[in-house]
Protein chains: 2
Amino acid sequence: MKFNKRDPVYIQVVRHFKEQIATGHYEPGQEIPSRREIANQLKINPNTAQRAYKEMEEAGLIFTEGNSPSRITNNEEVIGQMRNEIILEAIENFVAAIKPINASFDEVVGLLKEKYVEE
Amino acid sequence: MKFNKRDPVYIQVVRHFKEQIATGHYEPGQEIPSRREIANQLKINPNTAQRAYKEMEEAGLIFTEGNSPSRITNNEEVIGQMRNEIILEAIENFVAAIKPINASFDEVVGLLKEKYVEE
DNA sequence: TCCTGTGTATTATATGATTAATACATCGTA
DNA sequence: TACGATGTATTAATCATATAATACACAGGA
């Protein structure tokens, strides 16, 4: 996994997990790496990992019992909503960036199709 | 004009001018506010305004002669390219955000159309 | 001529967010 | 029981950005 330096690392870690969860690479109830383990894997500070996990816990995406490793939520509705939010947020950002330029919808969709299908 | 706190202010100022130029609200050759003037208008520090203007000058979007206020470039090709870059960048960001979620192109375009037409 | 408003440059400080360092608490198990 | 791995909490250090404070050169106009 590679990080950009525009966004805080913990945000990017959260994002990464959300994508994994939304696409089913992590399944409901599945155990995820411990804070220290993921910190080693991603070469980040354990506190950064902790902060990312805390965010996800507050969002209901993972849960923690006692001092055993956290797990993906079993609430598939929460997962579905999260997926929708990611998509909607992306769309809103996109529209906010494009609209002030006065590009036509068709022009935009044309260019989008190229990039989307690519590869 | 309102700022978000995600991006540096000078970047947002540059962005604002680019949009104004791309949509023709500023015409080629037109005079723009002085550094100190825009700083007052936007309630920002003059140095931040200067930094924004410097960026635009280096990008060839504005030019300055002597100590008179800067002006929009007369090179319409530069303006056209800048407009394209904004659109392409927005598309790339969007695709990068959406693709990892495995949403179909049609689903995305459908949602996009709603937001795009809205208002 | 002198004053005001331009652009430009340099240096220092403040601030907020992020990351790092460290310590503490808990639990299962060898 | 004692160790090791877990989650959690607190404090310190770092860093980028924005702001501030000055200073300088230039040109036009009152």
Side-chain angles (χ1 to χ4, degrees), chain A residues 1-18 20-21 26 28-75 89 93, chain B residues 1-18 20-21 26 28-75:
Chain A
M1 173 174 183
K2 53 183 297 191
F3 298 106
N4 67 57
K5 44 187 167 182
R6 173 182 166 81
D7 303 298
V9 172
Y10 76 92
I11 294 284
Q12 296 182 61
V13 172
V14 169
R15 173 68 187 214
H16 176 253
F17 272 92
K18 284 184 175 178
Q20 296 294 306
I21 297 171
Y26 276 125
Q30 183 175 346
E31 195 172 275
I32 61 178
S34 77
R35 277 77 167 159
R36 290 170 176 86
E37 196 177 338
I38 200 72
N40 274 332
Q41 281 180 23
L42 303 182
K43 315 282 188 195
I44 61 177
N45 192 280
N47 293 313
T48 306
Q50 159 63 3
R51 184 157 183 190
Y53 277 32
K54 191 179 179 187
E55 291 262 324
M56 292 193 284
E57 185 129 27
E58 285 169 355
L61 290 171
I62 66 175
F63 65 98
T64 311
E65 288 172 338
N67 60 347
S68 53
S70 302
R71 297 175 173 279
I72 305 295
T73 180
N74 289 300
N75 188 334
E89 188 184 315
N93 287 340
Chain B
M1 175 176 182
K2 53 183 294 190
F3 297 108
N4 67 58
K5 43 188 168 181
R6 172 182 166 80
D7 304 298
V9 172
Y10 77 92
I11 294 284
Q12 297 183 60
V13 173
V14 169
R15 174 69 186 213
H16 176 254
F17 272 91
K18 283 184 176 178
Q20 297 295 306
I21 296 171
Y26 276 126
Q30 184 175 346
E31 196 172 88
I32 61 177
S34 78
R35 277 76 168 161
R36 290 171 176 87
E37 196 177 337
I38 201 73
N40 273 331
Q41 281 181 23
L42 302 182
K43 316 281 187 196
I44 62 177
N45 191 279
N47 293 316
T48 306
Q50 160 62 4
R51 183 158 184 192
Y53 276 33
K54 190 178 178 186
E55 291 261 325
M56 292 193 283
E57 185 129 28
E58 286 169 355
L61 290 172
I62 65 175
F63 65 98
T64 311
E65 287 171 338
N67 59 347
S68 54
S70 303
R71 296 174 173 279
I72 304 296
T73 180
N74 289 301
N75 189 334

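Computation of the quantities below employed the complete heavy-atom set of this structure, encompassing side-chain atoms and omitting hydrogens, waters and symmetry-equivalent molecules.
The interatomic distance linking A/Glu57 (CD) with D/dT6 (C1') rounds to 13 Å, in whole Å. The CG atom of A/Asp7 sits 16 Å away from the P atom of D/dA16 (whole-angstrom rounding). Counting to the nearest Å, the P atom of D/dA23 and the CD atom of B/Gln50 are 18 Å from each other. Spacing between atom CZ of B/Arg6 and atom P of D/dT17 amounts to 13 Å, rounded to whole angstrom units. Atoms NZ (B/Lys43) and P (D/dT19) sit 13 Å apart, rounded to a whole Å. Here the C1' atom of nucleotide D/dA20 and the CD1 atom of B/Ile44 are 14 Å apart, to the nearest Å. Atom pair B/Lys5:NZ and C/dT15:P shows a separation of 16 Å (rounding to whole Å applied). The distance between atom CD of A/Glu55 and atom P of C/dT18, rounded to the nearest whole Å, is 9 Å.
Looking at heavy-atom distances under 4.0 Å, B/Tyr53 makes no contact with the nucleic acid at all.
Residues passing the side-chain contact (heavy atoms from CB on, under 4.5 Å) test with A/Asn67, sequence neighbours excluded: none. Annotation: side-chain contact (heavy atoms from CB on, under 4.5 Å) contacts of B/Pro69 (sequence neighbours excluded): B/Glu31.
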Pairs under 3.5 angstrom only: tabulate donor-acceptor contacts from the side chains of residues 36-48 of chain B to other protein residues two or more places apart or in another chain.
from, atom 1, to, atom 2, distance (Å)
B/Asn45, OD1, B/Asn47, N, 2.9
B/Asn45, OD1, B/Asn47, ND2, 3.1

Would you mind writing out the side-chain donor-acceptor pairs for residues 55-62 of chain B within the sub-3.5 Å range, not counting sequence neighbours?
from, atom 1, to, atom 2, distance (Å)
B/Glu57, OE1, B/Thr64, OG1, 2.9
B/Glu57, OE2, B/Thr64, N, 3.1
B/Glu57, OE2, B/Thr64, OG1, 3.2

Per-nucleotide protein contact along nucleotides 21-30 of chain C, 5' to 3', at a 4.0 Å heavy-atom cut-off (B base, S sugar-phosphate only, - neither), is BB---BB---
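Here B/Thr48 reaches the OP1 or OP2 of D/dT19: one of its side-chain N or O atoms lies under 4.0 Å away. Not one side-chain nitrogen or oxygen of B/Tyr10 sits closer than 4.0 Å to the OP1 or OP2 atom of D/dT17. For A/Arg51 and C/dT19, the shortest distance from a side-chain N or O to OP1 or OP2 is not below 4.0 Å. Side-chain N/O atoms of A/Ser68 include none lying less than 4.0 angstrom from OP1 or OP2 on D/dT6.
Relative ring orientation between A/Tyr26 and A/Phe17 is described as parallel, the plane-to-plane angle staying below 30° on a 0-90° scale split at 30° and 60°.
Cation-pi geometry between A/Arg51 and A/Tyr10 is satisfied (NZ or CZ under 6.0 Å from the ring centre, within 45° of the ring normal).
When each of C/dT6, D/dG7, C/dT8 is scored by its nearest atom to the side-chain atoms of A/Pro69, the top-ranked nucleotide is D/dG7. The nucleotide whose nearest atom lies closest to any side-chain atom of A/Glu37 is, among C/dT8, D/dT19, D/dT6, D/dT6.
Among residues at least two apart or in separate chains, there is no ring pair (Phe, Tyr, Trp, His ring centres under 6.0 Å) pair with a member in residues 30-51 of chain A.
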